[in-house]
Amino acid sequence: MSSDKPVLRGRGEAESALLRLLDLARDGSGGALLLVGAPGMGKTALLGLAAAHAAAGFRVLRVSGVESESRLPYAGLHGLLRPVAAGAASLPGAQARALMAALESGTGAGGLALPAAVLGLLSAVAAEQPVLACVDDVDLLDDDSREVLSFVARRVSGERVALLFTAREGAQAPEAARAPEGARRVPGARVRASGGLEGLSRRTLGGLEGVPAQTLAGLDAAAVRELATDLAPGKVAEDLLAALDQIAHGNPLALAELIGALTPDQLAGVAAPPVTLPKGGRLWREHTGRLAALPAQAQRLLLLIAADPGLDLPTLIRAARPSCALTVLEPAERAGVLHSTGDRYDFRDPAMRGVVYYGASLLRRRSAHRLLASLLEAGTQGDESQRLRRAWHRAWALDGPAASLADDLAAAALDARPAHTHPEPYLALERAAELTDPHDPAKAERLAAAARYAWVAGRPQMARSLLARLRNLTAPDELRAHVQLLHGSLELLGGETGSAREELLSAATWLLESHRMLGVRALVRAADASYRAGDNRAFIAIARQAAALRRPDEPVPTQLMFEYLAGMASTFSGSHQEAAAPLRRVVELAGSVRDPAVLVWACVASMLLGEDATAHRLSARAVEAARVRGAASAMPQLLEYMIYPEIWMGRYAAVATTAAQGLRLAQETGQLNTAAQHLAWLAITAAVEGDQETCRVRADAAIGLADAHDLGIAGAIGNWALAYLDLAAGRPADAANRLRAERRNSNHVVIRVMATPHFIEACARTGDHEAAGAALRVLERWVGSTRSPDLRALVSRCRALLAGPGESEELFREALDLHGQGVYEFEAARTRLLYGSALRRDRRPGAARTHLHSALETFERYGARLWTEQARTELRASGDPVRPALDATTGQLTAQQLQIARMVAEGATNKEVAEQLFLSRRTVEHHLRNIFSRLGIRSRVELVRLMS
């Protein structure tokens with residue numbers, strides 16, 4: 001695409017359809033296409049893009065539908081054909097007269113003369129150069145023009161003419177031009193014109209029949225991020241962007257207007273994000289214009305729906321006045337404002353809800369809330385959701401004394417289940433705080449509670465803005481401690497780990513006196529900050545402080561936390577046998593714990609005991625518990641702990657899926673520290689697949705975040721990924737140098753132990769037996785405290801690598817026997833590769849081949865390209881005629897390559913693929929070259945055919 005053409009983010013599929021349409025017209029096989037979407041989705045921009053592509057060789061004609069002209073016969077044709085109307089003189093007499101009558105006086109004689117004249121005129125113009133006719137907002141065009149253009153669109157398949165239309169999604173034509181009742185989309189219909197426009201459905205819209213249509217959905221997360229970067233480079237934080245997209249829902253114009261209206265405090269993350277589109281913006285005016293055209297009764301019911309997203313039809317029917325019932329909503333449905341979803345109505349464009357609500361006067365909003373409260377007052381006992389909704393509506397209606405309303409709303413919010421309520425409790429508590437007297441201590445308590453609920457719901461910027469309001473309020477020390485605990489928790493997952501540790505320790509000092517369990521939790525989180533930083537001394541110091549606080553009568557969750565600190569501290573001290581007892585006690589206590597944050601500590605204990613299946617089960621329990629509770633903020637970190645056992649067990653496809661989900665959620669909730677760790681795990685999976693460029697991009701990004709936020713663990717995983725890649729690519733010296741590095745944020749004790757088998761292998765292959773032996777002794781001490789046959793197999797393998805010629809074979813056999821009792825299939829294949837290589841060097845090629853073939857089969861199934869190549873190389877060296885590579889099918893692609901191939905075949909651009917998969921554009925181009933080479937193809941067109 002040349003630089004003079006507009007760049008539209010996330011519209012690769014639509015742009016491909018436009019280019020196919022133009023190519024067909026250029027070759028004499030014209031056609032038509034209808035783009036359907038909500039206002040602001042980019043329909044007009046796509047028309048502009050098509051016109052830009054066509055500028056070099058096409059005659060471009062354009063017209064836009066205007067509702068004020070929708071009753072003027074042939075007004076649309078006049079606007080479209082006026083630049084070429086002089087050509088009518090060359091048409092047959094009846095056609096020429098019909099066309100001139102339509103264009104000059106808006107009259108038509110009926111029959112075929114006029115439609116045939118328009119087709120003939122376009123064909124005549126196309127004889128000199130291809131024609132692109134763009135009709136924006138065809139649903140607002142007059143009925144006569146639309147019927148003629150529909151006729152032409154169905155008959156241009158043999159002409160050098162392309163017709164491109166746009167229409168609002170869900171909108172019907174104006175009253176005078178409405179399609180016959182029952183006209184609907186014809187499912188599955190396709191246009192087969194040299195394969196050019198296949199896959200587009202046919203649609204009937206206001207008389208535009210038989211035209212292939214493509215609906216423009218909201219932008220995906222990658223395109224939203226890319227567009228935000230275009231609009232405000234480096235200024236919009238991920239959590240703020242996620243909050244904006246909750247309003248925009250992928251609408252490009254909505255996102256642009258929201259970003260353009262952000263205040264400095266909102267950009268800095270200390271003020272709440274917007275709640276609706278900016279008033280006065282183009283979309284606001286568009287929506288309010290559509291609303292103003294609706295009957296007053298319809299507007300009244302729309303305000304009720306906007307004020308309560310949970311409003312069901314029976315309640316709405318009771319709210320409607322008997323004289324109108326729900327028939328007054330039909331104009332709103334016809335206008336595309338509203339649609340029915342099951343037993344309730346909802347807005348077709350989610351942004352419309354805020355426009356309806358905040359566009360109404362304060363008096364009208366209060367009246368709506370008062371009516372809703374009265375409708376909900378019957379039978380609310382025992383129904384927490386209904387109780388909260390009623391209290392919410394009364395609070396906004398100001399239906400009583402402010403203090404009483406605030407008390408009722410706060411009580412209902414605190415009793416509600418966050419995952420299943422409207423409004424969300426943090427919003428209810430915020431409103432309760434607003435109604436509370438500034439001198440009442442309850443105001444600060446409610447703001448603090450609102451901040452806590454906002455954080456749990458995954459709204460970190462909202463939580464920070466609520467906490468900022470507490471600065472000028474008087475609050476007791478206990479509440480200040482709660483606030484400090486929340487501040488520290490926010491900093492732990494999104495800020496600098498040292499600052500988080502100090503905040504959490506300070507909070508623990510106060511809370512241990514007033515709220516013991518929270519105080520202990522603050523201590524564990526402070527220790528977790530030290531764990532993430534790789535500061536073992538600080539962790540051990542916190543554990544000793546906690547040990548002095550233990551009591552014999554602690555509740556189970558508190559016992560678990562104390563045992564966890566004791567076991568981890570012993571582990572970090574190298575006393576693995578001493579650590580085993582408290583760690584086993586942690587796992588035992590987890591059976592009666594439901595709190596997901598506490599369960600993850602049991603998951604860590606299980607991993608240190610070598611009980612990977614138990615660790616995975618506990619992490620899955622924690623994730624499910626968080627989902628049930630609606631604890632969105634906990635999910636990214638909980639997914640971290642699910643990855644550890646998956647890594648050990650070699651479930652790399654599951655690791656990639658879990659880490660990608662965790663990365664997305666971490667970015668949406670502003671948890672950069674957690675995002676860094678997920679990026680690092682994604683680098684590990686790329687290293688396993690042998691995807692060198694992707695591994696480096698992701699590892700470098702993780703290490704960069706680790707350096708900025710003092711994240712020893714994320715940096716260590718990123719460094720391990722690069723070392724793993726070196727080892728797989730046959731660069732053992734580089735791998736050894738990386739894993740022995742002592743630089744800041746690359747040497748976390750837990751990751752160092754996990755990477756020790758790779759370090760020993762790299763050292764053994766470079767002759768550094770002294771360093772390998774020292775590392776082996778550390779590994780032996782830890783594995784000796786576990787019962788895992790898989791871990792013992794890794795120890796035996798490492799011993800074999802360092803043993804003399806007469807001893808290594810027995811140790812390799814021991815390792816394979818232990819692998820047979822465990823589940824580490826991929827590591828078993830690596831052991832077979834090393835054993836087979838040793839046998840081949842010992843001049844026993846026949847014995848070597850058995851193990852090498854087994855290893856090769858496993859590596860191929862995992863898509864581990866570099867390890868596969870190592871096994872093939874060893875087999876060739878053993879004199880085995882290695883079977884030829886797989887045929888040119890997608891089965892030989894790595895998981896990453898297959899994902900890219902599918903996205904490209906569906907129309908995504910390289911940039912869109914890069915953003916969605918967190919890669920560089922150059923990396924995607926590198927992958928595509930490899931994909932084309934492996935599949936024996938040369939173009940995207942061939943890829944589309946192969947993938948289909």
Side-chain angles (χ1 to χ4, degrees), residues 610 612 648-650 688 724 727-728 730 732 735-736 739 753-784 786-862 864 866-880 882:
D612 304 307
W648 274 120
M649 292 186 284
V688 171
Y724 193 111
L727 193 61
L739 292 174
V753 171
M754 292 180 75
T756 292
H758 296 143
F759 178 64
I760 292 171
E761 180 180 341
C763 288
R765 288 167 65 177
T766 55
D768 188 355
H769 284 215
E770 182 179 350
L776 177 58
R777 288 189 289 276
V778 173
L779 183 66
E780 287 173 331
R781 285 200 299 272
W782 171 50
V783 172
T786 75
R787 303 168 184 170
S788 167
D790 285 300
L791 293 177
R792 296 204 303 276
L794 294 180
V795 167
S796 295
R797 183 176 84 192
C798 292
R799 288 172 177 164
L801 291 171
L802 300 178
E807 302 173 355
S808 63
E809 183 171 0
E810 182 179 347
L811 289 167
F812 272 125
R813 289 184 178 279
E814 179 182 296
L816 290 175
D817 287 343
L818 289 166
H819 277 307
Q821 304 170 35
V823 295
Y824 291 7
E825 182 186 27
F826 191 83
E827 287 303 319
R830 295 246 299 106
T831 299
R832 288 190 181 279
L833 173 62
L834 291 166
Y835 184 23
S837 177
L839 289 170
R840 194 266 305 165
R841 291 193 304 272
D842 199 31
R843 301 182 185 278
R844 298 170 60 189
R849 289 172 197 148
T850 301
H851 297 290
L852 293 173
H853 274 297
S854 177
L856 176 61
E857 180 184 345
T858 300
F859 294 149
E860 286 183 336
R861 278 193 290 106
Y862 275 80
L866 294 177
W867 292 115
T868 297
E869 189 54 40
Q870 282 201 30
R872 286 179 176 278
T873 299
E874 287 291 338
L875 279 167
R876 283 192 292 269
S878 72
D880 187 279
V882 186

**OP:** Provide the closest heavy-atom pair for Gln870 versus Gly730 in the form atom of the first, atom of the second, distance.
**Re:** NE2-N, 4.0 Å

Subject >> Interatomic distance, Glu761 atom CD to Leu802 atom CG [nearest 0.5 angstrom] >> reply: 11.0 Å

Subject >> Residues, nucleotides or ligands: over 12 heavy atoms within 6.0 Å of Gln821 CD >> reply: yes

**OP:** Drop me the distance from Ser854's OG to Phe859's CZ, to the nearest 0.5 angstrom.
**Re:** 9.0 Å

**OP:** Measure the shortest side-chain to side-chain distance between Leu801 and Arg765 over non-hydrogen atoms and say whether it is less than 4.5 angstrom.
**Re:** no

Original post:
At their closest point, which heavy atom of Ala855 faces which heavy atom of Ala829, and how far apart are they?
Top reply: CB-O, 3.4 Å

Original post:
With side chains defined as the heavy atoms from C-beta onward, is the minimum distance between Leu856 and Arg872 less than 4.5 Å?
Top reply: yes

Original post:
What residues, two or more places apart in sequence or in another chain, satisfy salt bridge (charged side-chain N to carboxylate O under 4.0 Å, His left out) together with Arg832?
Top reply: none

**OP:** Check for a donor-acceptor pair, side chain of Glu807 on one end and backbone N or O of Ala800 on the other, with a separation under 3.5 Å.
**Re:** no

**OP:** List the atom of Ser796, the atom of Leu818, and the distance in Å for their closest heavy-atom pair.
**Re:** OG-CD1, 3.8 Å

Subject >> Pairing residues for Arg844 by the salt bridge (charged side-chain N to carboxylate O under 4.0 Å, His left out) criterion, not counting sequence neighbours >> reply: Glu809

**OP:** Please list, chain by chain and in numerical order, all residues satisfying salt bridge (charged side-chain N to carboxylate O under 4.0 Å, His left out) with Glu780, sequence neighbours excluded.
**Re:** Arg799

Original post:
Can you tell me how far CD1 of Ile760 sits from NE2 of His769, rounded to the nearest 0.5 angstrom?
Top reply: 11.0 Å

**OP:** Identify, with sequence neighbours excluded, every residue that meets side-chain hydrogen bond (donor to acceptor under 3.5 Å, both in side chains) alongside Ser837.
**Re:** Arg841, Glu874

**OP:** Starting from the C-alpha separation in whole Å, work towards a yes-or-no answer on side chain to side chain contact (heavy atoms under 4.5 Å, CB included) for Asp817 and Arg792.
**Re:** CA-CA 10 Å; Asp817 287 343; Arg792 296 204 303 276; over 6 Å; no

Original post:
Can Arg797 and Glu814 be counted as an ion pair, charged N to O under 4.0 angstrom?
Top reply: no

Subject >> Shortest non-hydrogen contact from Cys798 toward Pro757 >> reply: SG-CA, 3.8 Å

**OP:** Determine the interplanar angle of the Trp648 and Trp782 rings, folded into 0 to 90°, and report it as parallel if under 30°, tilted if 30 to 60°, perpendicular if over 60°.
**Re:** tilted

**OP:** Answer whether the closest heavy-atom distance between the side chains of Met649 and Phe826 falls below 4.5 Å.
**Re:** no

**OP:** Check whether any side-chain heavy atom of Leu839 sits under 4.5 Å from a side-chain heavy atom of Phe812, and report yes or no.
**Re:** no

Original post:
So which pairs with a foot in residues 786-807 pass ring pair (Phe, Tyr, Trp, His ring centres under 6.0 Å), sequence neighbours left out?
Top reply: none

Original post:
Should Thr756 and Val778 be marked as a side chain to side chain contact (heavy atoms under 4.5 Å, CB included) after you check the CA-CA gap, both sets of side-chain angles, and the distance that decides it?
Top reply: CA-CA 9 Å; Thr756 292; Val778 173; 5.8 Å; no

**OP:** Please state whether the rings of His758 and Tyr724 are parallel, tilted or perpendicular, taking 30° and 60° as the class boundaries.
**Re:** perpendicular

Subject >> salt bridge (charged side-chain N to carboxylate O under 4.0 Å, His left out) partners of Arg876, counting only residues at least two apart >> reply: Glu869

**OP:** Decide yes or no for Tyr835 and Leu852: does some side-chain heavy atom of the first lie under 4.5 Å from some side-chain heavy atom of the second?
**Re:** no

Subject >> Exceeds 12 heavy-atom contacts within 6.0 angstrom, atom CZ of Arg861 >> reply: yes

**OP:** Could you go through the side chain to side chain contact (heavy atoms under 4.5 Å, CB included) check for His851 and Leu833 one step at a time?
**Re:** CA-CA 7 Å; His851 297 290; Leu833 173 62; over 6 Å; no

**OP:** With side chain to side chain contact (heavy atoms under 4.5 Å, CB included) as the test, would you mind laying out the steps for Val823 and Asp790 before giving the verdict?
**Re:** CA-CA 7 Å; Val823 295; Asp790 285 300; 3.7 Å; yes

**OP:** Look at the side chain of Arg849 and the backbone N and O of Leu875, then say whether any donor-acceptor pair between them is shorter than 3.5 Å.
**Re:** no

Original post:
What pair of heavy atoms forms the shortest contact from Ala736 to Cys763, and how long is it?
Top reply: CB-SG, 4.2 Å

